[in-house]
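Step one of this worksheet: look at the structure below.
Per chain, numbering begins at 1; letters A, B, ... match sequence-line order. Keep in mind that the numbers below use all heavy atoms, side chains included, and drop hydrogens, waters and symmetry copies. As the structure is a computational prediction, the values presented were derived from the model and not from experiment.
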Amino acid sequence: MTDYLTRLNAEQREAVETIDGPLLVLAGAGTGKTRVLTTRFAHILLSRRAFPNQILAVTFTNKAAREMRERVAAILGEPAEGLWLGTFHALCARMLRRHAEHVGLASNFSILDTDDQLRVLKQVMEAERIDQKRWTPASLMATIQRWKDRGLTPARIGTADESDFANGRATALYEAYQARLRVLNAADFGDLMLHMVEILLAHPDILAQYHRAFRYILVDEYQDTNLVQYYWLRLLAQSHKNICCVGDDDQSIYSWRGAEVENILRFEKDFEGARIVRLEANYRSTAHILAAASGLIAHNEGRLGKTLRPGRSDAQQGEKVSVVGVWDSDEEARMVGDRIESLRRSGESLDEMAILVRAGFQTRSFEERLIVLGVPYRVVGGLRFYERQEIRDAIAYLRATVRPADDLAFERIVNVPRRGIGDVAMRAMHDTSRAEGIPLAAAAALLHQRGALKGKVRDGIGELLQGLMRWRDTLPSEGHVVVAGMILDESGYTEMWKQDKSVEAPGRLENLKELVRALADFETLEGFLDHVSLVMENEENAQGPRVSLMTLHGAKGLEFDTVFLPGWEEGVFPNQRSMDEGGAKGLEEERRLAYVGLTRARQRAIVSHADNRRIYGNWQRSIPSRFLEELPDDEVNVTGSASLARDSRIAAATSFSGQFPLVARRTRVIEAWEQPARPARPDAIPVGSRVFHQKFGHGTVTSVDDDKLDVAFDKAGDKRVLDRFVEKAG
DNA sequence: AAGGTTAATGTTTTT
DNA sequence: CATTAACCTT
């Protein structure tokens with residue numbers, strides 16, 4: 001009965017069995033956080049303190065929610081249904097649908113994504129005659145988002161929170177934007193939280209209803225919560241105070257998205273009588289890796305403090321963290337590629353290797369190298385499923401069908417595929433819509449009826465409007481899956497991609513099919529649309545082992561035997577912009593990111609830095625990251641120029657008074673270097689020599705750039721090739 | 001309305 | 001450098 005408890009260590013068990021009252025579980029990397037969370041969930045149920053639907057369990061990602069659901073189901077031995085288990089946003093959306101009228105929305109409101117938001121904002125800015133060159137819609141969106149993260153409605157924005165955007169007109173724009181969203185019957189992501197908090201504050205009866213409903217609250221990744229999320233939790237937990245938050249202040253890396261580390265640092269003050277349990281036994285990494293990571297993170301000031309200790313019996317064995325200095329970024333890619341190959345030869349699986357970079361663009365050099373070596377890889381991240389153009393278009397069709405007043409959806413699809421509708425026709429529809437106070441689609445119908453449209457436009461609009469009505473009418477009888485297929489075919493949308501000869505087209509058609517398949521999992525189209533805007537994720541069609549390439553942010557929560565951490569150079573990592581904008585706090589967050597990176601590794605971590613890096617086309621000298629010096633000497637094994645570079649960093653720092661060469665163009669103090677000459681390799685091929693290439697035949701070398709040669713081939717013309725693909729001829 | 005040219009601009013992105 | 005959005009031309 002309670003044997004699930006015996007599988008836990010003492011501290012984990014305390015975290016599971018401390019059921020009543022506020023509890024903060026400080027869970028270091030690899031200390032069994034997920035296990036504690038799910039076991040605790042199960043323990044509440046099995047000890048009969050609550051029914052499944054009386055527990056509110058909140059995560060940040062859909063992935064985490066899914067995993068938790070699965071693991072709870074496994075412990076219970078039955079599918080976990082009817083649970084209040086999901087992401088902050090999904091749970092809020094679910095609640096908001098019940099009470100939407102209190103914030104001026106109908107319960108079938110649309111949830112807007114970033115693209116829609118931007119479009120609305122542009123419209124608002126246009127109406128207010130804001131110069132969109134000086135003040136970009138994107139930065140207004142960020143400002144509004146930050147306000148929403150902090151629980152600020154337009155009315156709540158005090159003078160201290162005012163932004164200097166558009167000479168202090170940001171608040172007015174925010175207000176106009178919210179008004180526009182109400183007209184569109186739409187909410188953005190921030191609104192889901194903000195509206196719900198507003199409702200709970202304004203309607204004690206509704207709040208009381210949720211107090212009765214939820215006896216226990218579980219929160220994952222608490223260090224990533226923003227202020228509204230914190231308000232929401234505090235409101236819901238206010239009566240019984242049975243709230244358990246799990247998190248790690250050392251892994252807080254999303255402040256730029258509004259996350260407040262202070263939430264977790266303040267926990268004891270916020271919830272009186274709170275208990276804190278620290279999980280410090282790490283079952284993932286070797287002792288060297290743990291000590292290196294601990295030594296690094298100890299340089300941060302604002303932390304609750306905890307020290308990871310090895311929990312694995314074999315942790316004492318293992319390699320030191322290796323720190324490799326290389327000449328330039330190309331050599332770095334070659335070094336990583338070579339190590340991957342040799343690990344593979346010694347029997348390591350590619351699935352157990354990852355290259356973790358600070359910023360997305362850094363993956364490219366590694367991709368290129370892995371392609372040359374023929375090593376399979378996957379780039380994790382990139383565009384998520386629902387962000388892809390074809391999916392967004394298809395969803396817009398569905399929205400336009402079931403929500404006749406959804407102007408944003410209508411506008412998106414009205415000329416996709418091309419129906420000959422341009423600026424002029426669009427303007428006419430907007431004018432009519434505003435004049436008559438009706439939605440765009442209705443305005444289009446009116447214009448069509450009046451004969452105000454002609455030729456191609458007339459036919460195109462007519463056909464689309466008829467289609468929309470027909471699909472809407474067919475929905476009840478045929479069901480949403482069939483109708484979705486009809487919509488895509490009859491609108492000409494599928495045909496459009498079939499005609500498209502680009503390389504992406506087949507994949508897009510495949511995605512559309514996947515979308516229709518996914519639709520079958522839902523009872524109603526409405527339910528599906530919610531799912532799409534909140535949930536849909538990249539389904540990896542994994543085939544065969546491959547190296548993972550991703551950002552450090554993307555790697556949080558994952559683990560690998562071998563982790564490569566390239567680009568540890570001042571300006572790159574820690575990132576210059578983070579430091580410029582975030583100051584000392586920014587630097588601490590970068591350090592936490594480094595900590596996250598190191599603690600992903602089970603067996604070995606290879607950190608590297610290059611002396612020369614090409615940034616925006618020109619070569620620049622780079623300086624080893626300060627984080628390298630912060631790694632305890634006993635835990636690392638330094639090869640290459642790292643040791644020398646430590647001195648050069650100090651020299652450089654003093655001579656440029658803290659300005660490093662990698663700062664942005666505008667503030668750069670020194671001119672970019674030409675790429676420094678590099679000592680010729682023994683087997684180098686000199687300019688002027690005759691070479692032979694398998695594919696291009698004979699030619700003459702015209703210039704040499706490290707391992708890349710420019711060759712004037714006799715028959716094939718000028719090409720750039722890698723030296724390993726040519727041999728000396730004649 | 002489509003195609004071609006130029007200028008700006010380069011983090012991280014769980015929902 | 002390389003990508004993208006805004007602009008200009010037919």
Just to verify, what does [X] make a salt bridge (charged side-chain N to carboxylate O under 4.0 Å, His left out) with, not counting sequence neighbours?
{"X": "Lys585(A)", "result": "Glu262(A)"}
{"X": "Glu559(A)", "result": "Arg284(A), Arg602(A)"}
{"X": "Lys33(A)", "result": "Asp220(A), Glu221(A)"}
{"X": "Glu526(A)", "result": "Arg403(A)"}

Sugar-phosphate, base or nothing in reach of [X], heavy atoms under 4.0 Å:
{"X": "Glu590(A)", "answer": "base"}
{"X": "Gly420(A)", "answer": "sugar-phosphate"}
{"X": "Asp113(A)", "answer": "nothing"}
{"X": "Leu112(A)", "answer": "nothing"}

**OP:** Between Asn415(A) and His89(A), name the one whose nearest nucleotide on DNA chain B is closer to the 5' end.
**Re:** Asn415(A)
**OP:** With DNA chain B as reference, determine whether Gly422(A) or Gly360(A) sits nearer its 5' end, using the nearest nucleotide of each.
**Re:** Gly422(A)
Does [N] have OP1 or OP2 under 4.0 Å away from a side-chain N or O of [X]?
{"X": "Asn575(A)", "N": "dT12(B)", "result": "no"}
{"X": "Arg419(A)", "N": "dA1(B)", "result": "no"}
{"X": "Thr551(A)", "N": "dT13(B)", "result": "yes"}

Would you mind reading off the distance between [X] atom [atom1] and [N] atom [atom2], rounded to a whole angstrom?
{"X": "Tyr595(A)", "N": "dT12(B)", "atom1": "OH", "atom2": "P", "result": "24 Å"}
{"X": "Arg119(A)", "N": "dA5(C)", "atom1": "CZ", "atom2": "P", "result": "14 Å"}
{"X": "Tyr616(A)", "N": "dC1(C)", "atom1": "OH", "atom2": "P", "result": "15 Å"}

With 3.5 Å as the limit, what N/O pairs link the protein to nucleotides 6-10 of chain C?
unit_1: dC7(C); atom_1: OP1; unit_2: Lys133(A); atom_2: NZ; d: 3.0

Original post:
Which class fits the ring pair Tyr174(A) and Trp147(A): parallel under 30°, tilted 30 to 60°, perpendicular over 60°?
Top reply: parallel
Subject >> side chain to side chain donor-acceptor pair (under 3.5 Å) against Glu590(A), all qualifying residues, sequence neighbours excluded >> reply: Arg358(A), Ser578(A)
Subject >> Listed nucleotide nearest any side-chain atom of Phe189(A), set dT15(B), dT13(B), dG10(B) >> reply: dT15(B)
